[in-house]
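Below, chains carry the letters A, B, ... as their sequence lines are ordered, and counting in each starts from 1.
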Amino acid sequence: MEERYHPESVEPKWQAYWKENQLFKVSEDPSKEKYYLLEMFPYPSGKIHIGHVRNYTIGDVVVRYKRMKGFNVLHPMGWDAFGMPAENAAIDNNTHPAAWTYNNIRTMRAQLKKMGFSYDWDREIATCTPEYYRWEQMLFLKMFEKGMAYRKESYVNWCEKCQTVLANEQVENDKCWRCSQPVQQKKLWQWFFRITDYAEDLLIHCDQLPGWPEKVTIMQKNWIGKSIGSELKFKVDGHDLDIEVFTTRPDTVFGATFMCLAPEHPLVETLSRGTRMEEEVAAFIRKISRQERSAEGLEKYEKEGIFTGAFCINPATKEKIPVYTANFVLMGYGTGAIMSVPAGDQRDFDFARKYGLEIRVVVQPPGEDLDGTTMTEAFTGEGRLVNSGEFNGMDNKSAMDTVTTWLEKEGRGKKTISYRLRDWGISRQRYWGAPIPVIHCPDCGVVSVPEKDLPIRLPEEANLLEKGGSPLPFLDYFAHTTCPKCGRKDAKRDTDTMDTFVESSWYYLRYCSPGYDKGMFDPEAVKYWAPVDQYIGGVEHAVLHLLYSRYFMRVLNSLGMIDFKEPFTRLLTQGMVCKETMMCPDHGYLFPEEAVKGSDGRIICTKCSKDVEIGRVIKMSKSKKNVVDPNELLEKYGADVTRLFSLFAAPPERDLEWSEDGVEGSNRFVNRVWRLAMDSMEKIKDVEPFSGPASDLVSDSAKTLYIKANQTIKKVTQDIDKSFHFNTAVSAVMELVNDIYAVNLEAADTEMKKVLLFSLENILLLLSPIIPHFCEELFEKLGNQGSILLQSWPKYREDSLEPDEITVVVQVNGKLRSTFSLKADSDESVIKEAALSDEKIKKYVGDKKPKKVIVITKKQTLVNIVV
RNA sequence: GCCGAAGUGGUGAAAUUGGUAGACACGCUAGACUUAGGAUCUAGUACCGCAAGGUGUGGAGGUUCAAGUCCUCUCUUCGGUACCA
């Protein structure tokens, strides 16, 4: 008889059993209710990390639970296999991205299998295979035909020395991460998806996703960034031109004392040409072009601008106001031009002060008298209009509409809505991605690759350039081709590849029919399985991945390919896995094994024996070395203990602090259950588990334990089903286990043995989604046939949840003064009498008549006596 | 700056609709068993106090018979995001 749980033999045994019996293989079965659970698929970066372990354990528990509940569960796994790290690794290690990627997939797949996750591996997909991306290319062509994909010029980070495009994360302090040369902004023709067409629809449906955490839908709403305002036209003085601006404050138009254009605004050059400012403006624009124009970089730069030499006419005051160009105005938002109202906007205010421009107060706060020459900051609040002609005295809020209507009549404005959301740029000047299936012909322009020529395969034999650029444009046999339309021999293939977010926007549909060769997916399979019922992943994807996926479903929906719009009915965003950092004064950050506890309790560095400083608990990362390798956990504790701890330490949505002691604790619990089963097995094996009502039990101890077991089933079921709070589910089972430990096994009568067996079997059933190998093994040892996974989820008896006696809590003036037991069916007057006649209570109440006595019999039985 | 989340013992955390604050676990203390224990079992463990008792859920107010939970103000930490006009 084994005295301990031996994961090294038990876990492989059951993994092999599951595989042999194909227990995780699923197919469409209309007779059963379906449940599609998906965890965000991993990027194959090398090895799985603890965040994956947590994510996939959470999902696996729910999947195994739902199966026992009778659902037909789809639980697939695959690989988000295209992306930049493969290229970087290939350059650094002199391998090929494909070899590196497939190698990593092999390693990680083996690790996931060792964790015992219940995937239907027959549905595995990797997005870098032509069998996958060919359908993405097909969809791209459909979108192109419908105008949902289009080309426009747009800026990228460019390193002149490396002759390559850099992602934002490859830019470090405005310099290239490889060669440290300053990064420039370069204009390139790139492909875009028209996600802005769906801005309103995506926004509205944020409020119709009750299964999503509110913080995620709020983030999406903010990202879409709808603002209601007006578009106003300012005539350029001396030209037959208008400058259009977007403003959310049309009520302040009388205070617009100058105008600012984005440096990239096409009118900047036009307006300055031939003026005394021409050269200075050109110099300014050259300077700004070296500044990072991506969202991230902007804060670093001081607000500055320059007069273009031109003036325009304020449509409200009809005054001439100067036109500036300024680095803080974005071409990508609104119209790329703003009317500057320094009295009402802090940026405009700062700018006006810096360049000595007029500040004219147009909104006067109640009870104050602001003066443009003396005010120290802009006033953005509500007030009454001043210096605003016929609108003087009006409150500024109602003036928004009135002023716009007035300008509209004059032909100088209209109400509009502006979104922060921009179209989705999908062109990547990279090798390791899905090729964009179009051909550029000198005569025909942009031509679709005919569908019969798909997939456009990524040339596998390409060698990556040392500097990181894509080799595709230099591969003649790939880049040069004939035009499918006119047959011209000197056509050029598009050598850009697609953003990897494109692959992850629809992979969950591919899982429904992974081998389907007539399209992206088998419509019947998708009809059965989709949408995903429960999606689980990191909150870091709250905006982009989830928004792009929602967009893609709208595209497919409008193409008539699917009949739903929202891909993920319920979403769980799990917290990060954190651990304390350790720092040696000489050796910097230390890995956990590089710091040991000395005999005197001090923690010292293994390299130099100096005291180690324990730092804050932060997200695990290689750079901070506060990491735990899942492989080592598997080696030392096995999959089940690792799974158990990652669930027990914190509820899923919260951050989890990793602690070696905590893992030891989980290990201890698992062995505690093991011993419990082993010790009692021989004695209770021959009885039948008790299943009647608690009232049939004679002894109090058996009754108490039986009720506890029923309560545990109820609690665990609710915790898993309603809130995914596995930590409290495990706690509940621990309580039951502790209660069983308190039973004297030697003295147990038949009745008690029956209750013990009932409790033990249910403990295994309740824990089986969490520590499946362990439960399988004990379930078998208890003499059961077949897999525990095929058992039904345990049911509790409604009539066996309440004990005979209840605890009455008595408060005096809200303070706890006494507790005592009473029969459960006592009515209020009995409880009240008992409370008032309690000795301890009498002491507090004295002779006085209580003012009020409140008796509560809901959750707790409680009496509060007010004196 | 804005948006979001969270502040509870030495630690991770519990606590339907307001109803015994600290379940469960880690750690620690003591004891038992043992050749040994970093195994196991048992007991104890919010704080102050010898005790009676008092105090306690970041802080300050408030509502209530009763507040970790509801309201107002405020502080701190973490996450996201930003010249968005």
Side-chain angles (χ1 to χ4, degrees), chain A residues 3-4 213-216 218-219 221-223 225-227 229 245-249 252 260 262 295-296 298-303 326-330 332-341 344-348 350-351 418-422 539-540 542-543 575-576 578 616-619 645 648-651 653-666 668-669 671-672 675 718 722-723 725 727-735 737-738 741-742 807-819 850-854 856-867:
Chain A
E3 299 207 331
R4 293 186 59 82
E214 212 188 344
K215 69 167 170 178
V216 174
I218 287 173
M219 279 163 90
K221 283 188 210 168
N222 291 344
W223 188 262
K226 179 179 183 173
S227 45
V245 303
F246 174 75
T247 178
T248 53
R249 293 295 303 276
T252 63
C260 286
E296 252 160 88
L298 288 164
E299 176 151 14
K300 297 183 282 209
Y301 307 105
E302 197 191 338
K303 285 184 194 52
N327 63 344
F328 67 89
V329 182
L330 302 172
Y333 182 75
T335 59
I338 60 168
M339 66 175 205
S340 292
V341 184
D345 181 286
Q346 194 56 41
R347 285 161 305 173
D348 295 345
D350 296 341
F351 196 85
S418 188
Y419 298 91
R420 198 185 85 101
L421 182 71
R422 274 172 284 168
V539 74
E540 64 271 23
V543 179
M576 299 180 299
C578 303
R616 285 191 317 163
V617 176
I618 52 169
K619 182 181 176 177
F645 176 71
F648 180 63
E653 68 278 7
R654 263 219 247 175
D655 287 350
L656 182 155
E657 187 182 328
W658 196 266
S659 111
E660 188 70 19
D661 285 339
V663 184
E664 286 286 354
S666 294
R668 211 175 292 163
F669 171 69
N671 277 297
R672 209 167 136 79
R675 276 193 308 277
Q718 283 182 346
K722 279 197 188 153
S723 57
H725 280 192
N727 55 332
T728 51
V730 172
S731 295
V733 178
M734 283 174 169
E735 284 184 50
V737 169
N738 289 344
Y741 260 85
T807 303
V808 180
V809 174
V810 189
Q811 300 176 330
V812 177
N813 289 337
K815 287 196 186 205
L816 175 69
R817 294 305 182 189
S818 181
T819 59
K851 264 192 220 159
K852 204 172 182 186
V853 180
I854 290 146
I856 304 288
T857 50
K858 287 185 292 185
K859 185 177 158 188
Q860 258 96 41
T861 307
L862 178 145
V863 181
N864 191 9
I865 301 162
V866 188
V867 294

Undergrad: A/I856 CD1 to B/A66 C1': how many Å, rounded?
TA: 8 Å
Undergrad: In the structure I gave you, are the side-chain heavy atoms of A/P850 and A/V867 within less than 4.5 Å of one another anywhere?
TA: yes
Undergrad: Verify the contact: side-chain N or O of A/N222 to OP1 or OP2 of B/G80, cut-off strictly under 4.0 Å; return yes or no.
TA: no
Undergrad: The side chain of A/T728 is closest to which nucleotide in this list: B/G12, B/G4, B/A14?
TA: B/A14
Undergrad: Could you measure between the two P atoms, the one in B/G38 and the one in B/A51, and give it in whole Å?
TA: 33 Å
Undergrad: Distance check, P atoms only: B/G53 and B/C65, in whole angstrom units.
TA: 27 Å
Undergrad: Can you tell me which nucleotide in B/G12, B/U20, B/C83 comes closest to the side chain of A/L330?
TA: B/C83
Undergrad: Tell me which nucleotide, if any, is Watson-Crick or G-U wobble paired with B/G56 when both distances must be under 3.5 Å.
TA: none
Undergrad: How far, in whole Å, is B/U8 from B/A15 if one measures between their C1' atoms?
TA: 11 Å
Undergrad: Within this structure, what is the NZ-to-P distance between A/K815 and B/G54, rounded to whole angstrom?
TA: 6 Å
Undergrad: Checking side-chain contact (heavy atoms from CB on, under 4.5 Å) for the pair A/D345/A/F351: CA distance, chi angles, key distance, verdict?
TA: CA-CA 10 Å; A/D345 181 286; A/F351 196 85; over 6 Å; no
Undergrad: Could you tell me if the side chain of A/R4 sits less than 4.5 Å from the side chain of A/N671, heavy atoms only?
TA: yes
Undergrad: Assess whether side-chain contact (heavy atoms from CB on, under 4.5 Å) is satisfied between A/D348 and A/I338, documenting all intermediate values.
TA: CA-CA 10 Å; A/D348 295 345; A/I338 60 168; 3.8 Å; yes
Undergrad: Are the side chains of A/N738 and A/R672 in touch, meaning some heavy atoms are under 4.5 Å apart?
TA: yes
Undergrad: Write down the distance between NZ (A/K722) and C1' (B/U16), rounded to a whole number of angstrom.
TA: 8 Å
Undergrad: Taking only the side-chain heavy atoms of A/W223 (C-beta and beyond), determine which of B/A14, B/G54, B/U81 contains the nearest atom.
TA: B/U81
Undergrad: How long is the span from the OG1 atom in A/T728 to the CZ atom in A/F648, to the nearest 0.5 Å?
TA: 10.0 Å
Undergrad: What is the base-pairing partner of B/C2, counting Watson-Crick and G-U wobble geometry with both distances under 3.5 Å?
TA: B/G80
Undergrad: Counting heavy atoms from C-beta on, name the nucleotide in B/G7, B/C65, B/G79 closest to the side chain of A/M576.
TA: B/G79
Undergrad: Assign each of A/M219 and A/L816 to its nearest nucleotide of RNA chain B by heavy atoms, then name whichever residue's nucleotide is nearer the 5' end.
TA: A/L816
Undergrad: Expressed in angstrom and rounded to an integer, what is the separation of A/F648 atom CZ from B/A14 atom P?
TA: 10 Å
Undergrad: Among B/C83, B/C65, B/A23, which is the nearest nucleotide to the side chain of A/S731?
TA: B/A23
Undergrad: Considering only the C1' atoms, how many Å lie between B/U20 and B/U72, rounded to the nearest integer?
TA: 29 Å
Undergrad: In whole Å, what is the span from the CZ atom of A/F328 to the P atom of B/A85?
TA: 13 Å
Undergrad: Is it the case that over 12 heavy atoms from other parts of the model lie below 6.0 angstrom from the CD atom of A/E214?
TA: no
Undergrad: Measuring only the C1' atom in each nucleotide, how far is B/G59 from B/C50? A whole number of Å is fine.
TA: 33 Å
Undergrad: Taking only the side-chain heavy atoms of A/A649 (C-beta and beyond), determine which of B/G80, B/G12, B/A23 contains the nearest atom.
TA: B/G12
Undergrad: When you compare B/G12 with B/G27, how far apart are their P atoms, in angstrom units rounded to a whole number?
TA: 14 Å
Undergrad: Which one, B/G12, B/G19, B/A85, comes nearest to the side chain of A/L862?
TA: B/G19
Undergrad: Under 3.5 Å, is there any donor-acceptor pair linking the side chain of A/D661 to the base of B/C26?
TA: no
Undergrad: Under the 3.5 Å rule, do the base of B/C83 and the side chain of A/K303 count as making a donor-acceptor pair?
TA: yes
Undergrad: Which one, B/A85, B/G4, B/G19, comes nearest to the side chain of A/Q860?
TA: B/G19
Undergrad: If the glycosidic angle is within 90 degrees of 0 it's syn, otherwise anti, so just tell me which one B/G79 is.
TA: anti
Undergrad: For a quick check, with a 4.0 angstrom heavy-atom cut-off, what is the B/S/- contact string for nucleotides 34-45 of chain B, read 5' to 3'?
TA: ------SS----
Undergrad: Given the P atoms of B/A13 and B/A23, what is the spacing between them in whole Å?
TA: 15 Å
Undergrad: Tell me whether the side-chain N/O atoms of A/R422 come closer than 4.0 Å to OP1 or OP2 in B/C84.
TA: no
Undergrad: Under 3.5 Å, is there a donor on one side chain and an acceptor on the other for A/N222 and A/R420?
TA: no
Undergrad: Can you figure out which of B/A13, B/G19, B/C65 approaches the side chain of A/V866 most closely?
TA: B/C65
Undergrad: What nucleotide, of B/C84, B/A85, B/A21, holds the atom closest to the side chain of A/Q811?
TA: B/A21
Undergrad: Working to the nearest 0.5 angstrom, can you tell me the gap between A/Q718 CD and A/H725 NE2?
TA: 13.0 Å
Undergrad: Taking atom P of B/C83 as reference, at what distance in whole Å does atom CG of A/D350 sit?
TA: 16 Å
Undergrad: With a 4.5 Å cut-off on side-chain heavy atoms, are A/V866 and A/N813 touching?
TA: yes
Undergrad: Can you tell me how far P in B/C47 sits from the matching atom in B/G9, rounded to whole Å?
TA: 11 Å
Undergrad: What nucleic acid atoms does A/G665 come within less than 4.0 Å of, heavy atoms only: base, sugar-phosphate, or nothing?
TA: sugar-phosphate
Undergrad: Find the distance A/E214:CD to B/A6:P and express it as a whole number of Å.
TA: 11 Å
Undergrad: What integer distance in Å separates A/K858:NZ from B/G19:P?
TA: 8 Å
